[in-house]
Amino acid sequence: MSGTFTGGGGWGNMNADGLFQAFDQLRSQFEKKVGTRMGRGDVRSAVLALLAEKPMHGYQIIREIEERSGGSWKPSAGSVYPTLQLLADEGLITAEESNGRKTYALTEEGKAAAEEAGPAPWAPEEKSDTTSMPWGPGNWSGGHNPFDSELPKAGMALAQAAAQVRRTGTPEQVKEAAAVLDEARRKLYSILAQDAQG
């Protein structure tokens with residue numbers, strides 16, 4: 001991908017071509033409807049549930065979560081490994097290194113924590129009759145299914161428009177479109193900031 005991202009998650013130094021490629025990726029993610037985000041507590045309870053069954057290494061945990069969720073949730077290594085470190089710091093798991101891989105297992109305290117955590121995030125909810133999927137509407141990060149709203153449709157339409165400008169626009173139009181997209185990004189984060197303050 002051409003263009004550069006600045007630290008802190010901003011788009012500051014990204015050139016127009018890189019920005020439009022990012023929107024193409026966004027559009028394809030909405031079309032596939034995968035890569036859902038779960039909350040931090042969901043990763044923790046998933047790790048505890050899996051390690052209650054047997055010791056595993058980090059990559060196994062990621063694969064198992066993806067498989068058990070029917071492919072609708074694949075946590076990143078950036079969420080699983082810090083969770084494993086936190087659980088180790090809390091004395092809930094131990095790590096044994098073998099052949100360059102760490103295998104994690106629950107301690108006695110970890111087994112108790114796994115029981116207290118309740119069912120795994122991918123387990124069907126007994127009280128939920130509103131969905132045929134294993135995750136009920138309240139199990140998504142933020143308490144709602146991100147694909148049950150107009151946001152994915154609007155995001156896809158925006159990504160398609162950006163791709164069209166990239167393909168057919170003049171350099172000036174591309175530059176103007178990049179500025180519009182940057183302003184839209186700022187406004188979206190502003191919406192979240194208002195919610196956090198309210």
Side-chain angles (χ1 to χ4, degrees), residues 5-11 25-26 29 32-149 151 188-198:
F5 289 92
T6 59
W11 299 23
Q25 288 177 330
L26 174 67
Q29 287 176 346
K32 292 178 190 173
K33 293 187 178 185
V34 297
T36 56
R37 283 184 72 99
M38 300 293 283
R40 284 188 209 119
D42 296 318
V43 174
R44 178 185 175 93
S45 61
V47 169
L48 288 170
L50 289 172
L51 294 180
E53 295 175 12
K54 66 178 182 179
M56 295 183 186
H57 57 78
Y59 182 68
Q60 278 179 298
I61 292 169
I62 293 169
R63 275 195 340 241
E64 282 292 320
I65 292 172
E66 180 180 25
E67 185 176 307
R68 293 182 190 207
S69 69
S72 62
W73 179 29
K74 182 179 181 183
S76 68
S79 64
V80 170
Y81 286 102
T83 299
L84 289 167
Q85 183 60 53
L86 180 64
L87 293 171
D89 291 348
E90 293 174 5
L92 301 179
I93 64 171
T94 60
E96 185 178 306
E97 192 159 342
S98 174
N99 297 327
R101 280 199 163 149
K102 285 185 181 179
T103 300
Y104 300 91
L106 293 178
T107 62
E108 289 303 316
E109 295 85 7
K111 290 175 186 174
E115 285 180 29
E116 287 175 20
W122 53 81
E125 283 191 74
E126 295 172 17
K127 63 185 176 211
S128 176
D129 57 1
T130 60
T131 181
S132 60
M133 292 183 66
W135 342 80
N139 285 348
W140 294 89
S141 180
H144 65 280
N145 179 336
F147 298 112
D148 283 347
S149 72
L151 186 59
L188 289 171
Y189 281 125
S190 170
I191 292 167
L192 291 174
Q194 291 169 7
D195 186 46
Q197 294 169 1

- Selection residues 111-121 - residue pairs positive for salt bridge (charged side-chain N to carboxylate O under 4.0 Å, His left out), sequence neighbours left out: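 Matches after skipping sequence neighbours: E108-K111.
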Would you please name every residue forming a side chain to side chain donor-acceptor pair (under 3.5 Å) with [X], sequence neighbours left out?
{"X": "Q85", "result": "D89"}
{"X": "R63", "result": "none"}
{"X": "E66", "result": "none"}
{"X": "T107", "result": "E109"}

- Using salt bridge (charged side-chain N to carboxylate O under 4.0 Å, His left out) as the criterion, list what pairs up with E53, not counting sequence neighbours.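 Listed in chain order: R68.
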- Message: As a quick check of understanding, evaluate side chain to side chain contact (heavy atoms under 4.5 Å, CB included) for Y104 and V47, giving each step before the final call.
- Response: CA-CA 10 Å; Y104 300 91; V47 169; over 6 Å; no
- Report the residue from L87, V80, L86 that forms a side chain to side chain contact (heavy atoms under 4.5 Å, CB included) with T83.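 Testing each of L87, V80, L86 against T83, the sole residue satisfying side chain to side chain contact (heavy atoms under 4.5 Å, CB included) is L87.
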- Item | Where at least one partner belongs to residues 90-103, residue pairs that pass side chain to side chain donor-acceptor pair (under 3.5 Å), sequence neighbours excluded |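 Non-adjacent pairs meeting side chain to side chain donor-acceptor pair (under 3.5 Å): R44-E90, H57-R101.
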- Could you pull out all residues at least two apart from A112 that satisfy side chain to side chain contact (heavy atoms under 4.5 Å, CB included)?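 Result, side chain to side chain contact (heavy atoms under 4.5 Å, CB included) vs A112: none returned.
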Considering all heavy atoms, the nearest [X]-[Y] contact:
{"X": "L48", "Y": "A117", "answer": "CD1-CB, 4.4 Å"}
{"X": "A52", "Y": "A114", "answer": "CB-CB, 4.1 Å"}
{"X": "W73", "Y": "A46", "answer": "CH2-CB, 3.9 Å"}

- Task: Measure the CG-CG distance between L106 and L51 for me, rounded to the nearest 0.5 Å.
- Result: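 So the gap between those two atoms works out to 5.0 Å.
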- Message: To the nearest 0.5 Å, what is the distance between OG on S79 and CD1 on I65?
- Response: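 Answer for the OG-CD1 pair, S79 versus I65, is 7.5 Å.
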